[in-house]
Amino acid sequence: MTKKIKLSNLTDMFKGMDVEALEGVTIEGDIELDLSGGGVFDSTLAYSLGHEAAQIAVHLVNISRLLGYPVEQIFAGSMGTESAVQDVSAPTLLNDLLFSKFEVSNAEEWKHTIQEVTLGATSADGGTRKNTITIGGENALPYYFDSPMPHRNYVTMDVFDMPISMAKAVRTHYEDVMNDPAEWAKKNVREFDADMVTIHLISTDPLINDTPPKEAAKVVEDVLQAVDVPIVIGGSGNPEKDPEVLEKAAEVAEGERVLLASASLNLDYARIAEAANTYGHAVLSWTQLEINAQKELNRKLMKQCNVPRENIVMDPTTAALGYGLDYAYTNMERIRLAGLMGDEELSFPMSSGTTNAWGAREAWMTSSPLKQDSDWGPREYRGPIWEIVTGLSLSLAGNDLFMMMHPGSVQVLKEITQTLFGSIENKSIDINNWIGEI
Amino acid sequence: MKLNSPLQAYKYLPGDNCGKCGVPTCMAFASHLIERSLKLTDCTPILEDKHKAKFIELEELLAPEIHEVEIGVGERVVKIGGDDVLYRHKLTFFNQTALAYDVWDTMDEENLVDRVNRIKDFSKFYVGEFLKLDMITVRSVSDEPDKFADTVKKVLEASDLPLVLCSFNPKVLKAGLEVAMDRNPLIYAATRGNWQEVAKLAIEYDVPVTLFAPDDLDLLKSLTKTFTEMGIEKLVLDPGTFPSGKQLKTTFENFLKIRRAGIEGDRDIAFPLMAVPLTAWMMHDDPLSASYWETVLASLFTVRYGDIMLLHSIEPHSLLSELHIRDTIYTDPRKPVTVKPDVYEVGSPTADSPFFVTTNFALTYYTVESDLSSNGIDCYLMAVDTEGIGVEAAVAGGQLTAAKIKKGLEDADFVLKEDTSHNIIILPGLAARLQGDVEDETAAKVMIGPPDSGRIPGWMDEKWPLIK
Ligand code: B12
Ligand code: SF4
């Protein structure tokens with residue numbers, strides 16, 4: 001690959017640069033000197049040769065620099081000294097930092113505020129809760145520097161009105177209270193630090209126990225007695241039965257400002273809205289991963305059913321990590337961005353059924369059913385992290401309230417969301433030399 | 001990119017409408033350029049000399065807002081950066097976050113090789129492909145150049161994954177580069193203290209380099225500016241990942257700020273971002289808490305703008321969730337999520353092989369297909385046109401019905417009575433309620449499979465031979 005350059009070529013190249021010709025000398029490659037002039041290699045010639053070569057070298061170096069080549073390294077290498085590097089001035093290497101100030105602007109398009117919704121009522125407001133919880137009120141995406149979030153995220157932990165099948169990692173925490181919703185609710189609040197509890201009246205489903213609404217309402221009363229945090233009341237998901245079940249539940253919870261879950265397009269949402277209005281509750285407006293359906297339902301709740309804005313929370317549906325979270329995430333992010341940009345049909349706080357994460361087989365299966373998969377490790381570790389990552393990503397998309405199940409997941413999700421919210425102080429950690437300190 | 005509409009790009013194209021780019025017209029090609037679904041070089045005519053000026057101009061205009069940087073060589077080369085938007089629904093995110101797991105130079109050889117192999121070999125099947133880890137980080141803990149070089153050498157022998165060479169000591173980095181220079185590793189890191197020497201290395205070995213300025217955006221930008229001025233363009237920025245408290249909140253905001261500034265056109269800072277969730281191990285002593293918190297940080301910075309990530313835990317619970325959240329965020333929202341409705345052969349089915357029904361939702365189809373094929377089950381698998389809805393939701397929503405199954409058979413020209421010896425359809429457990437209807441509609445016998453296709457092998461052992 002070495003290209004032979006004769007001095008004569010160089011001479012031509014350097015014609016305009018005051019370099020004198022060296023006749024009869026060929027420099028091949030980078031070290032071979034071929035003295036073809038005959039005669040002896042006398043010292044005078046050697047000197048003049050050396051002189052000329054050095055001159056040419058200087059020109060070559062300058063040209064190399066002009067071409068952006070880091071000449072110094074070659075010198076450093078061939079001279080074998082560190083100091084040589086410093087000695088040669090370095091046009092490609094700078095000696096001082098070029099100071100530059102970092103600047104960024106706030107997002108201009110976020111001009112609107114997300115609706116605030118308060119759940120629960122204390123004695124001052126005609127309820128019996130010890131505290132209330134307010135969600136919404138944002139002027140930016142969550143945890144953005146544009147505008148601080150006015151309220152932190154909250155977690156409402158699930159309680160069912162009958163024993164249900166659940167992943168083993170979850171079940172172990174509830175085995176002792178599974179037959180007693182009131183005790184279950186207490187455990188959630190006392191031991192697991194739940195901000196709220198959700199009582200799911202699933203036994204009312206005609207295909208399960210077909211529990212009459214009146215009996216179901218009794219469970220709601222028990223839960224309200226057992227805990228003093230705000231609550232969510234959920235039906236069974238049966239579109240025929242839910243309206244009457246939620247209506248009765250709303251009645252016995254009058255004045256407590258519960259969240260009724262849920263009004264959806266495939267059931268008699270007007271009846272649920274009516275119950276909320278009559279007994280002073282908020283409504284969860286639930287649609288299935290479809291931003292236009294969410295607009296439509298919110299519009300109907302507001303315009304047709306006269307639900308006040310401060311009584312609407314949305315559930316745009318949560319799909320688990322690996323099972324549609326890409327839709328769920330982007331659906332929420334789009335909804336929140338639309339709300340911030342002024343779409344009044346979408347500017348409500350959001351709630352996520354984060355528990356859905358447990359439906360993913362990675363969360364509950366003992367091992368992978370696929371031979372090609374690497375070992376999945378113990379499921380006790382996989383499940384909680386599945387619920388955390390599902391919840392965390394939705395919190396970044398704008399979700400305010402999380403319906404969750406695993407106590408460990410609740411703890412970690414709260415820690416990260418509150419850290420980003422800014423309420424967790426920790427001893428500061430110096431990461432300047434992290435590489436060797438782990 | 002600097003263009004907003006196909007019309008703007010169209011102006012630079014040859015206008016031949018020759019179709020060589022794979023779409024019929026220059027205008028159609030222009031839309032693909034804006035959507036970044038075709039490359040400018042797909043138009044061969046514009047590469048000709050006479051269009052050269054336009055080509056160069058257009059290429060410049062089309063360049064993504066965030067620089068792209070390549071690490072590694074050959075098949076496992078990793079590309080990071082290259083994004084044009086702040087929200088994935090606006091286009092899609094390109095070049096998924098590269099996940100780099102660490103080894104260190106104080107490990108003994110056996111553990112080192114074992115760990116490299118575990119990183120290299122980890123794989124998880126998902127929707128028709130395998131999710132894998134991308135890179136290996138070599139950390140200098142000893143701070144001894146020889147030791148580091150030796151470790152790098154062993155890692156290179158054991159795997160062809162791209163490397164991140166980590167030390168704040170330029171001598172150590174140089175020793176590593178001497179061994180790894182042919183593999184185009186990313187070096188980590190230039191700091192306020194060592195930047196000149198590290199810049200020298202970046203130039204000498206022509207490798208990508210990380211600039212580390214913990215919670216100092218002015219310094220980070222100054223470093224970036226200085227490096228680009230010196231002609232070093234392959235940059236990755238680490239604004240510092242503080243693992244907890246207010247510091248973490250600030251870290252998160254720094255990521256948001258840098259990416260927003262970059263997308264909005266501040267070229268000086270528009271480089272790929274590095275997150276180091278590994279710092280979680282500085283705050284937690286017990287490995288489970290540390291690995292959980294590390295995965296939490298990894299998820300956070302996968303969602304918000306981390307382009308490359310240095311990680312430590314290689315426990316499956318960490319890897320599975322990290323791979324999945326990455327896939328979640330980088331799935332192209334423009335891609336259809338269905339497979340073509342049809343009767344597919346899995347393995348080499350014969351007339352005695354079972355006939356399974358599932359939906360054409362890609363996630364469902366590929367899950368079932370891989371459960372079957374990885375367990376060596378030869379069979380027919382019908383993807384019914386449920387409009388891309390999974391089994392349970394499709395049964396509930398009426399997209400999976402007896403009539404749809406019958407139509408699917410007809411469309412695929414599959415005649416159960418002739419093409420199988422048993423005339424049996426096996427439905428998913430979650431579609432059990434369709435049993436009677438399907439029997440009436442197709443005149444076949446219907447069996448109900450398990451609710452989860454992962455359980456089909458066990459179900460086969462129990463049920464299928466009996467009736468054969
Ligand atoms: C994502 C989701 C949706 C998405 C669907 C997106 C999509 N492309 O499918 C959307 C938001 C659109 C949706 C809508 C609805 N959904 Co939905 N949805 C889910 C969710 C969260 C995950 C479903 C999923 O993707 N699973 C993963 C895939 C891979 O599972 P799969 O297709 O079932 O495949 C598995 C098995 O069936 C089996 N299998 C598959 N094929 C075969 C074949 C054979 C031979 C065998 C043996 C096994 C087998 O193995 C597979 C792997 O495990 C579940 C809750 C949950 N966590 O499970 C609710 C859920 C399925 N939905 C439900 C409902 C009710 C609905 C709606 C009717 C809601 C409504 N009221 O409008 C609508 C219907 C919409 C429609 N069909 O038009 C209910 C179903 C209840 C029921 N049993 O009837 C669920 C369980 C939620 C709940 N608890 O209420 N949903
Ligand atoms: S190849 Fe180029 S010139 Fe031909 S149609 Fe496509 S864009 Fe136009």
Side-chain angles (χ1 to χ4, degrees), chain A residues 68 70 73 92-95 97-105 143-145 321-326 329-330 333-334 337 361-362 365 369-377 381-382 385-386 388-389 392-393 396 412 416 419-420 422 424-429 431-438, chain B residues 87-89 122-125 139-141 143 166-168 196 199-200 203-204 214 217-218 221-222 225-226 229-231 240 242-249 252-253 256-257 260-261 268 278-279 281-283 292 295-296 299 303-304 315-317 320-321 324-325 328 331 333 370-371 374 454:
Chain A
Q73 282 158 17
T92 56
L93 279 173
L94 298 168
N95 286 318
L97 268 184
L98 302 171
F99 183 78
S100 183
K101 180 138 190 64
F102 177 84
E103 272 162 303
V104 68
S105 49
Y143 327 123
Y144 270 55
F145 53 93
L321 178 60
Y323 294 83
L325 181 61
D326 52 327
Y329 170 84
T330 279
E333 192 170 72
R334 289 180 62 195
L337 288 170
R361 52 161 72 167
E362 288 80 354
M365 240 186 216
L370 298 186
K371 296 208 167 62
Q372 307 97 306
D373 272 4
S374 300
D375 183 14
W376 280 11
Y381 300 158
R382 276 186 262 124
I385 199 111
W386 225 255
I388 295 165
V389 173
L392 169 59
S393 47
L396 294 167
V412 177
I416 184 63
T419 298
L420 295 172
I424 294 193
E425 296 285 355
N426 248 6
K427 120 174 148 342
S428 64
I429 291 179
I431 62 166
N432 275 298
N433 284 307
W434 70 266
I435 296 176
E437 290 175 5
I438 287 156
Chain B
Y87 309 107
R88 61 188 285 277
H89 66 272
F122 191 86
S123 88
K124 162 74 162 63
F125 187 83
R139 267 191 304 128
S140 164
V141 174
D143 204 35
C166 270
S167 172
F168 294 122
Q196 274 168 311
K200 243 176 259 166
I203 293 172
E204 181 180 349
L217 297 185
D218 290 339
K221 191 168 170 187
S222 303
K225 208 157 177 177
T226 310
E229 195 70 27
M230 292 187 285
F242 292 86
S244 71
K246 291 264 163 67
Q247 289 179 308
L248 173 55
K249 180 175 175 54
F252 179 71
E253 289 174 353
L256 302 177
K257 286 178 180 169
R260 186 187 287 169
D268 286 341
L278 228 154
T279 55
W281 294 80
M282 297 177 91
M283 65 177 278
Y292 258 56
T295 302
V296 161
S299 310
V303 175
R304 293 283 181 234
E315 293 304 317
H317 62 266
L320 289 171
S321 38
H324 272 290
I325 187 66
T328 297
T331 295
S370 59
D371 286 343
S374 92

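For the numbers below, each heavy atom of this structure counts, side chains included, while hydrogens, waters and symmetry mates do not. Lettering of chains follows the sequences in order, A, B, ..., and the numbering in each one begins at 1.
- Using a 4.5 Å cut-off between heavy atoms, B/P243 contacts chain A through its side chain alone, with no backbone atom that close.
- Across all non-hydrogen atoms, the minimal contact from B/F122 to A/S374 is CA-OG, 3.3 Å.
- Under the 6.0 Å distance and 45° angle rule, B/K257 counts as a cation-pi partner of A/F145.
- For the pair B/D218 (side chain) and A/K101 (backbone), a donor-acceptor distance under 3.5 Å is absent.
- Looking at B/S123, its side chain never comes within 3.5 Å of a backbone N or O of A/D373 through a donor-acceptor pair.
- Residues meeting the side-chain hydrogen bond (donor to acceptor under 3.5 Å, both in side chains) test with B/D143, sequence neighbours left out: B/N169.
- The two residues B/S140 and A/I435 make their nearest non-hydrogen contact at O-CG2, 3.6 Å.
- The distance from the OG1 atom of B/T279 to the CD1 atom of A/I429 is 7.5 Å, given to the nearest 0.5 Å.
- Between B/G454 and A/P369, the shortest heavy-atom distance links the atoms CA-CB, 3.7 Å.
- Across all non-hydrogen atoms, the minimal contact from A/L396 to B/F252 is CD2-CZ, 3.7 Å.
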Run the side-chain contact (heavy atoms from CB on, under 4.5 Å) test on B/L256 and A/V104 for me, step by step, so that the C-alpha distance in whole Å, both residues' side-chain angles and the decisive distance to 0.1 Å come before the verdict. CA-CA 10 Å; B/L256 302 177; A/V104 68; over 6 Å; no
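- B/Q196 contributes a side-chain N or O that, together with a main-chain N or O of A/L94, makes up a donor-acceptor pair within less than 3.5 Å.
- A/E437 contributes no side-chain N or O that, together with a main-chain N or O of B/M282, makes up a donor-acceptor pair within less than 3.5 Å.
- Pairing each heavy atom of A/S100 with each of B/K221, the nearest pair is OG-CE, 3.3 Å.
- With a 4.5 angstrom heavy-atom cutoff, B/E253 touches chain A via backbone and side-chain atoms both.
- Under a 3.5 Å cut-off, the side chain of B/S321 and the backbone N or O of A/W386 do not form any donor-acceptor pair.
- Heavy atoms only, all atoms of each residue included: B/A199 and A/L93 are closest at CB-CD2, 4.1 Å.
- Between the side chain of A/R382 and the backbone N or O of B/P316, no donor-acceptor pair lies under 3.5 Å.
- When B/M230, B/E229, B/K225 are compared by the number of non-hydrogen pairs under 4.5 Å with chain A, B/M230 comes out ahead.
- Taken from CD in A/E425 to CD in B/Q247, the straight-line distance is 10.5 Å, to the nearest 0.5 Å.
- For A/Y381, the OH atom sits in a loose shell: 12 or fewer heavy atoms of surrounding residues, nucleotides or ligands are nearer than 6.0 Å.
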